[in-house]
There are 2 protein chains.
Amino acid sequence: MNQALICPRFEKAMSLMSQRWTGLVIYQLLSGPKRFCTLETSMGISGRVLSERLKDLEQQGIVLREVFPETPVRIEYSLTEKGAALEPIMKEIEKWSQGWLPAEIE
Amino acid sequence: MNQALICPRFEKAMSLMSQRWTGLVIYQLLSGPKRFCTLETSMGISGRVLSERLKDLEQQGIVLREVFPETPVRIEYSLTEKGAALEPIMKEIEKWSQGWLPAEIE
DNA sequence: ATTAGTTAGTTACTTTATGTAAGTAATTAT
DNA sequence: ATAATTACTTACATAAAGTAACTAACTAAT
């Protein structure tokens with residue numbers, strides 16, 4: 001009865017991208033490793049959700065968490081190879097947004 | 001204080017893609033116009049949210065709603081040019097999912 | 001020794017988003 | 001008159017996200 005079955009891998013990828021904040025976190029990490037507080041303030045996400053997302057992305061092998069025992073402790077989040085492979089998606093979103101969304105009024 | 005300002009157009013596009021179901025709705029419409037009940041059953045979205053999403057996408061000029069006064073009434077949703085321009089994003093998501101997500105076990 | 005400051009979170013609570021299931025309106029078939 | 005179909009909407013329940021205060025580990029200053 002289900003005429004258009006969706007590929008489960010595609011569906012999974014889409015549900016990843018469809019989670020609020022996930023795309024932006026990945027986008028931010030494309031320009032290099034970032035720490036928790038940097039992500040928090042630069043994208044306006046709440047610490048509660050950021051913490052949740054980073055754990056999730058780490059578990060999925062998309063993000064790597066590294067602890068540097070400096071003072072105060074520095075923890076850096078970066079993209080794994082799997083995570084960096086998401087870049088073409090981001091580039092296409094960027095292209096579309098530039099081609100089809102209105103620029104801001106100055 | 002905000003070292004990595006995000007382009008507002010990109011942010012808007014990302015927030016569109018980050019809404020639950022929006023990406024899948026667009027993906028389904030890439031293969032041609034679809035009616036409400038088809039979308040509803042093929043992707044397992046609730047009517048309440050599907051209705052909300054379609055209205056939203058219509059307002060943003062991504063989806064076109066057409067009424068065919070047959071019996072019973074047929075209403076078709078399709079992508080506008082702006083909506084169809086999202087295809088490259090979907091293709092990249094598809095590529096990534098095939099390259100990095102495990103295939104199902106048969 | 002006590003107080004304050006920093007980072008990376010967590011916790012309890014509130015608000016918003018989504019799911020569920022029943023209902024409505026228009027139309028035709030029986 | 002009753003049932004069936006499509007395209008929704010409505011009321012209510014559950015899940016996800018936002019807010020703000022708190023904790024833990026450490027150092028620096030008073």
Side-chain angles (χ1 to χ4, degrees), chain A residues 1-4 6 11-12 14-29 32-60 62-79, chain B residues 1-4 6 11-12 14-29 32-60 62-79:
Chain A
M1 301 273 170
N2 212 339
Q3 68 274 46
I6 302 162
E11 206 167 349
K12 207 183 170 198
M14 188 58 97
S15 85
L16 172 77
M17 292 300 300
S18 292
Q19 259 203 319
R20 202 183 299 194
W21 298 113
T22 298
L24 268 189
V25 169
I26 291 162
Y27 178 76
Q28 294 284 48
L29 295 183
K34 300 270 178 303
R35 36 205 308 190
F36 194 92
C37 64
T38 306
L39 291 169
E40 203 175 5
T41 61
S42 72
M43 43 193 272
I45 187 179
S46 72
R48 207 192 61 78
V49 175
L50 179 56
S51 168
E52 209 173 285
R53 289 295 181 274
L54 288 170
K55 262 184 211 159
D56 221 71
L57 290 169
E58 201 191 345
Q59 267 200 330
Q60 290 179 68
I62 290 169
V63 158
L64 179 71
R65 180 183 190 268
E66 282 176 294
V67 182
F68 298 86
E70 298 172 359
T71 208
V73 68
R74 180 165 53 104
I75 292 172
E76 282 194 350
Y77 293 92
S78 57
L79 293 176
Chain B
M1 302 272 172
N2 213 339
Q3 67 273 47
I6 301 163
E11 206 167 349
K12 207 184 170 200
M14 188 58 97
S15 86
L16 172 78
M17 293 299 301
S18 292
Q19 260 202 316
R20 202 183 299 194
W21 298 114
T22 299
L24 268 189
V25 168
I26 291 161
Y27 178 76
Q28 294 284 47
L29 295 182
K34 299 269 178 304
R35 38 205 308 191
F36 193 91
C37 64
T38 307
L39 290 170
E40 202 175 4
T41 60
S42 73
M43 44 193 272
I45 186 180
S46 73
R48 207 194 61 77
V49 175
L50 179 56
S51 169
E52 210 173 285
R53 289 295 181 273
L54 288 170
K55 262 182 211 160
D56 221 72
L57 290 169
E58 201 192 344
Q59 268 201 329
Q60 291 179 69
I62 289 169
V63 158
L64 179 72
R65 179 184 191 267
E66 282 176 294
V67 182
F68 299 85
E70 298 172 359
T71 207
V73 68
R74 180 164 54 104
I75 293 172
E76 281 194 350
Y77 294 93
S78 57
L79 293 176

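Every heavy atom of this structure was used, including side-chain atoms; hydrogens, water molecules and symmetry mates were not.
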Fill in: Under 4.0 Å protein heavy-atom contacts per nucleotide of nucleotides 16-26 of chain D, with B for base, S for backbone only and - for none
SBBB------S
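- Without hydrogens or angle criteria, B:Arg65 side chain to B:Lys55 main chain gives no donor-acceptor distance under 3.5 Å.
- Rounded to an integer number of Å, the gap from CZ of A:Phe36 to C1' of C:dT7 is 10 Å.
- Within the structure, a side-chain polar atom (N or O) of A:Lys55 is placed less than 4.0 Å from OP1 or OP2 of C:dT10.
- Within a 6.0 Å sphere centred on CD of A:Gln59, heavy atoms belonging to other residues, nucleotides or ligands number 12 at most.
- For A:Tyr77 against A:Leu29, the heavy-atom pair with the smallest separation is O-CD2, 3.3 Å.
- Among all heavy-atom pairs drawn from B:Arg53 and B:Arg20, the shortest one is NE-O, 2.8 Å.
- Applying the 4.0 Å criterion to OP1 and OP2 of C:dT7, one finds that A:Arg74 has every side-chain N and O outside that range.
- With A:Thr22 as reference, A:Leu57 is the one residue of A:Leu57, A:Asp56, A:Ile62 to meet the side chain to side chain contact (heavy atoms under 4.5 Å, CB included) rule.
- Straight-line distance from the CE atom of B:Met43 to the C1' atom of C:dT18: 13 Å, rounded to whole Å.
- Atom CD of A:Glu58 is separated from atom P of C:dA8 by 14 Å (rounded to the nearest Å).
- When every heavy atom of B:Val67 is checked against every heavy atom of B:Val73, the shortest pair comes out as CG1-CG2, 3.9 Å.
- Regarding A:Leu50, its CG atom lies at a distance of 15 Å from the P atom of C:dT7, rounded to whole Å.
- Residue B:Cys37 has its side chain nearest to D:dA7 when only D:dT9, C:dA8, D:dA7 are considered.
- The CD-P distance, from A:Glu40 to C:dT10, rounds to 12 Å in whole Å.
- Residue B:Tyr77 has a polar side-chain atom (N or O) positioned under 4.0 Å from OP1 or OP2 of D:dC8.
- Rounding to whole angstrom units, CZ of residue A:Arg35 and P of C:dG9 are separated by 11 Å.
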